[in-house]
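Remarks on the structure that follows.
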Amino acid sequence: MFLKGCALSCWWCHNPESQAPGPELLLHPSRCIRCGACVEACGRGAARLEDDGPAADREACRDCDEFACATVCVAEARQIAGRRMTVTQVLDVAARDEPFYRDGGGVTLSGGEPMLQPDFTAGLLAALKARGIHTALDTCGHTSWEALDRIRRDVDLFLYDVKLMDEERHRRFTGVSNRRILANLRALADGGQRILLRVPVVPGINDDDENVRALAGLAAGLPGLDGVELLPYHRIGADKYVRLDRKYRLLTTDAPSRARLDAIADVLAASGVRVGRGGT
Ligand code: SF4
Ligand code: SF4
């Protein structure tokens, strides 16, 4: 299993290629003291020291498990983001907070996208449930029904992301159709799962009246829905993209205004669902 702090906006979680297959190298050029130790330590010739600081051949780094460059960097200008852990290791960490879970807490599997690692996710959820710990799964739903069916009895609450109701627009902005996502959502609801629908609100992409009305219709038709949570878009992750040498595609997009969020909440609430606000 690979764990990391999420470096990616949930907007891209449909695309496995947008997610790291393992730990990744973060670069902090301003911390570099130009000692050259990283260049010497890298056995692949991928670490470079350029005029504006440390650099790396990301293709070569993709298969690197040693991260020798980061290990020798005393200035922490090179850092490893994420680490590999087994189900038992994660369970041990989660169990340290067990007294708090009894007062209404629990463990949420989030990401990235936990369903990109279905075996680990299934194993961890089963282990948590066997221990009596409340579980939540934050997912974009772009996975097979077989994978969801396998884990759903071990999930107390699904935090299910839905962005765009129109299939073509969904395909344009996320790279995939929303058919499977919506079919999985309905199947989970019909199966009696507890679901909180989560909607990232991104101005100019999915905050229009047509999409909001369609979302309201979807929510109203889901049996037993806990409610809808609006997640206002933000650019908190933009700096991390730079450190990962990734292109951040929404740099000019601003957070939605409070007035627009209120208007969206009103439309959703009018369909009879409970509406809340959260953070991505
Ligand atoms: S080891 Fe760290 S501080 Fe030294 S040159 Fe490399 S990145 Fe800079
Ligand atoms: S992550 Fe590995 S391959 Fe990449 S620069 Fe560091 S040591 Fe070299």
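All figures in this text were calculated on a predicted structure; none of them were measured in a lab. Every number for a ligand or one of its atoms is a count from 1 in the order of the listing.
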Checklist entry - R78 side chain to V72 main-chain N or O, any donor-acceptor pair under 3.5 Å? => result no
Item to check | Close-contact set for ligand 2 against A68 heavy atoms, below 4.0 Å | outcome: 7 (S)
Checklist entry - Which bit of C32 is near ligand 1, meaning a heavy atom under 4.0 Å away: side chain, backbone, both or neither? => result both
Checklist entry - I33 near ligand 1, heavy-atom distance under 4.0 Å? => result yes
Item to check | Note, C38 side chain near C73 side chain (heavy atom, < 4.5 Å) | outcome: no
Item to check | Minimum non-hydrogen distance to atom 6 (Fe) of ligand 2, winning option of A56, A60, C69 | outcome: C69
Checklist outcome for this item: The atoms of ligand 2 lying under 4.0 Å from a heavy atom of R44, numbered in the order shown, are 3 (S)
Item to check | Identity and distance of the protein heavy atom lying nearest atom 2 (Fe) of ligand 1 | outcome: C73 SG, 2.4 Å
Item to check | Numbered atoms and elements of ligand 2 in range of C42, under 4.0 angstrom, heavy atoms | outcome: 3 (S), 5 (S), 7 (S), 8 (Fe)
Checklist entry - Is any N, O or S atom of C35 under 2.8 Å away from atom 6 (Fe) of ligand 1? => result no
Checklist entry - What part of R31 sits under 4.0 Å from ligand 1 if we count only heavy atoms: the side chain, the backbone, both or neither? => result neither
Checklist entry - Quick one: which ligand 2 atoms are inside 4.0 Å of a heavy atom on A47? => result 5 (S)
Checklist entry - Do D239 and R243 sit within salt-bridge range, that is, some charged N less than 4.0 Å from a carboxylate O? => result yes
Checklist entry - Heavy-atom distance under 4.5 Å between the side chains of E98 and R102, does that happen here? => result yes
Next on the checklist: Out of all atoms in ligand 2, which are within 4.0 Å of some heavy atom of C61? Include the element for each.
Outcome noted: 1 (S), 3 (S), 4 (Fe), 5 (S)
Checklist entry - What distance separates F173 CZ from L250 CG, expressed to the nearest 0.5 Å? => result 9.0 Å
Item to check | Atom indices of ligand 1 within 4.0 angstrom of A77 heavy atoms, with elements | outcome: 7 (S)
Next on the checklist: Side chains of Q79 and H28 only: does a donor on one sit below 3.5 Å from an acceptor on the other?
Outcome noted: yes
Checklist entry - Which one holds for C64 and ligand 2: side chain close, backbone close, both close, or neither close, with close meaning a heavy atom under 4.0 Å? => result side chain
Item to check | Side-chain donor or acceptor of S110 paired with backbone N/O of D138 under 3.5 Å | outcome: no
Checklist entry - Is the side chain of D156 donor-acceptor paired with the backbone N or O of K129 at a distance under 3.5 Å, no angle test? => result no
Item to check | Student check: side-chain heavy atoms of D226 and F158 closer than 4.5 Å | outcome: no
Checklist entry - How far is atom 5 (S) of ligand 1 from its nearest protein heavy atom, and which residue and atom name does that atom have? => result G36 N, 3.2 Å
Next on the checklist: Salt bridge or not between R172 and E168? Use side-chain N to carboxylate O under 4.0 Å.
Outcome noted: no
Item to check | For C38, the ligand 1 atoms whose distance to one of its heavy atoms is below 4.0 Å | outcome: 1 (S), 5 (S), 6 (Fe), 7 (S)
